[in-house]
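Reading through the structure tokens given below for one structure.
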Amino acid sequence: RYDILIDTNGVLKFLETNANTPWMICESHYPGLILTPPWHKNQNQKLIDYTREWWRERKEKNGWGKLAIFTAYSYENEDYFVCRTYMDILSEVFWAENILVGDIYDLNIIDDTSITFRWEKVDTLLSYFPLEFFLTDIDFAEKFFSIIEKWGCFLANPLESMIPQDKLIFAVVWENIEKYTREEQEIIKKHIPFTTRGFQEESEKFLADRKSVV
């Protein structure tokens, strides 16, 4: 999904991509349960049903037993709440006792072949935070993604979602704007605020530097 705003001229401005944080499912789940009057149809139910069916088909096909849902910082109330929401939604598929919720630091790798969560072997994973966080520990990342690649454990988040994960991708777009067609350049200039990359020496990371949003 995209974070957007409307400027004073009524033009949409895209501020950030959120490839790994599908909060919409959480927003659709609880408000739908709370706000739908008795004897009325919950208009968000289709999204919840689709999510459950997606997992149910794959669970039955692959014989999955345990699912781990994790975030980078479980002490953040919002992130932990989203993980618990996914657990609530998927408890009909896996049963609550087979769904583990926590953070990335609960993950361990055994014999380079299995991924455990609080030392329980898990068959599938759902990550609620940017996957590039793994790259803060290259050795762990190499082992982790090797197991995923060999189907030792299933990762529900598409690896390609690492590419458009956050606002930094907009800096890359602006750096390469001349490679786009004239029509595409006009769309970029209209809807994507000018963004550059700034290097933060203390963390040795590139950050997005947003010049203007209007």
Side-chain angles (χ1 to χ4, degrees), residues 1-3 16-30 32 44-74 76-110 112-138 140-166 169:
R1 67 177 174 85
Y2 286 98
D3 288 345
E16 183 174 12
T17 60
N18 288 276
N20 274 332
T21 53
W23 177 253
M24 177 180 65
I25 293 180
C26 185
E27 292 176 332
S28 299
H29 184 54
Y30 285 121
N44 296 319
Q45 191 60 43
K46 283 187 177 181
L47 176 60
I48 305 304
D49 291 343
Y50 171 82
T51 301
R52 286 177 177 146
E53 187 59 29
W54 189 93
W55 280 96
R56 184 176 288 109
E57 288 180 0
R58 286 157 180 78
K59 176 181 181 293
E60 293 175 355
K61 178 180 179 181
N62 298 288
W64 294 335
K66 288 190 179 293
L67 162 68
I69 304 173
F70 60 98
T71 181
Y73 310 106
S74 62
E76 292 286 348
N77 291 335
E78 177 185 325
D79 290 352
Y80 187 68
F81 177 68
V82 172
C83 292
R84 296 291 301 184
T85 300
Y86 274 107
M87 177 180 179
D88 185 24
I89 292 171
L90 297 178
S91 60
E92 293 185 15
V93 179
F94 284 88
W95 299 105
E97 60 267 25
N98 291 321
I99 303 178
L100 308 174
V101 175
D103 63 44
I104 186 175
Y105 301 108
D106 293 316
L107 288 172
N108 287 283
I109 294 174
I110 306 297
D112 294 343
T113 58
S114 300
I115 296 175
T116 65
F117 196 77
R118 301 198 189 103
W119 303 106
E120 289 192 58
K121 185 178 182 301
V122 293
D123 305 299
T124 182
L125 300 162
L126 175 61
S127 170
Y128 184 74
F129 73 98
L131 290 175
E132 59 263 31
F133 184 82
F134 281 105
L135 301 180
T136 59
D137 186 338
I138 298 298
F140 181 88
E142 289 180 348
K143 294 178 180 179
F144 178 87
F145 289 117
S146 176
I147 293 173
I148 298 299
E149 183 182 13
K150 296 174 182 176
W151 297 97
C153 188
F154 177 78
L155 177 65
N157 308 72
L159 294 181
E160 58 267 25
S161 67
M162 293 175 66
I163 299 173
Q165 171 54 40
D166 53 38
I169 191 65

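The shown structure was predicted, so the numbers you read here are calculated from the model rather than taken from an experiment.
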Problem set entry | Side-chain touch L107/F140, heavy atoms, less than 4.5 angstrom | yes
For this session: Please report the shortest heavy-atom distance between D88 and R52, naming the atom on each side.
Result: O-NH2, 4.4 Å
For this session: Show your reasoning for whether side chain to side chain contact (heavy atoms under 4.5 Å, CB included) applies to L67 and N98.
Result: CA-CA 6 Å; L67 162 68; N98 291 321; over 6 Å; no
Exercise. Checking N62 side chain against K59 main chain: does a donor-acceptor pair fall under 3.5 Å?
Worked result: no
Which atom pairs, one a donor and one an acceptor, fall under 3.5 Å between side chains of residues 115-125 and the rest of the protein, sequence neighbours left out?
residue : atom : partner : partner atom : Å
T116    : OG1  : N108    : O            : 3.4
R118    : NH1  : V101    : O            : 3.3
R118    : NH2  : V101    : O            : 2.5
E120    : OE1  : K66     : NZ           : 3.3
D123    : OD2  : G65     : N            : 2.5
D123    : OD2  : K66     : N            : 3.0
T124    : OG1  : F154    : O            : 3.1

Exercise. Could you state the interatomic distance from CG (L155) to CD (E149), rounded to the nearest 0.5 Å?
Worked result: 12.5 Å
Exercise. Below 4.5 Å, heavy atoms only, C-beta onward: do I69 and L100 meet side chain to side chain?
Worked result: no
Problem set entry | Between CD on residue E53 and CD1 on residue I48, distance to nearest 0.5 Å | 13.5 Å
Exercise. What distance separates D112 CG from E142 CD, expressed to the nearest 0.5 Å?
Worked result: 11.0 Å
For this session: Enter the distance from C83:SG to L126:CG here, rounded to the nearest 0.5 Å.
Result: 7.5 Å
Exercise. Could you give the distance from CG (D49) to CD (E92), rounded to the nearest 0.5 Å?
Worked result: 8.5 Å
For this session: Over 60° means perpendicular and under 30° means parallel, so classify the ring planes of Y128 and Y86, tilted if in between.
Result: tilted
For this session: Inspect the surroundings of OH in Y50 and state if more than 12 heavy atoms from other residues, nucleotides or ligands are less than 6.0 Å away.
Result: no
For this session: Could you grab the distance from atom CE of M87 to atom OH of Y80, nearest 0.5 Å is fine?
Result: 8.0 Å
For this session: Only counting residues at least two apart or in another chain, list the ones meeting salt bridge (Lys or Arg N to Asp or Glu O under 4.0 Å) with E57.
Result: none
Problem set entry | Enclosure of W54 CH2 (heavy-atom neighbours >12, cutoff 6.0 Å) | yes
Exercise. Are F70 and Y105 side-chain neighbours, meaning at least one heavy-atom pair lies under 4.5 Å?
Worked result: no
For this session: Evaluate the side-chain proximity of C153 to I148: yes if any heavy-atom separation is below 4.5 Å, no if none is.
Result: yes
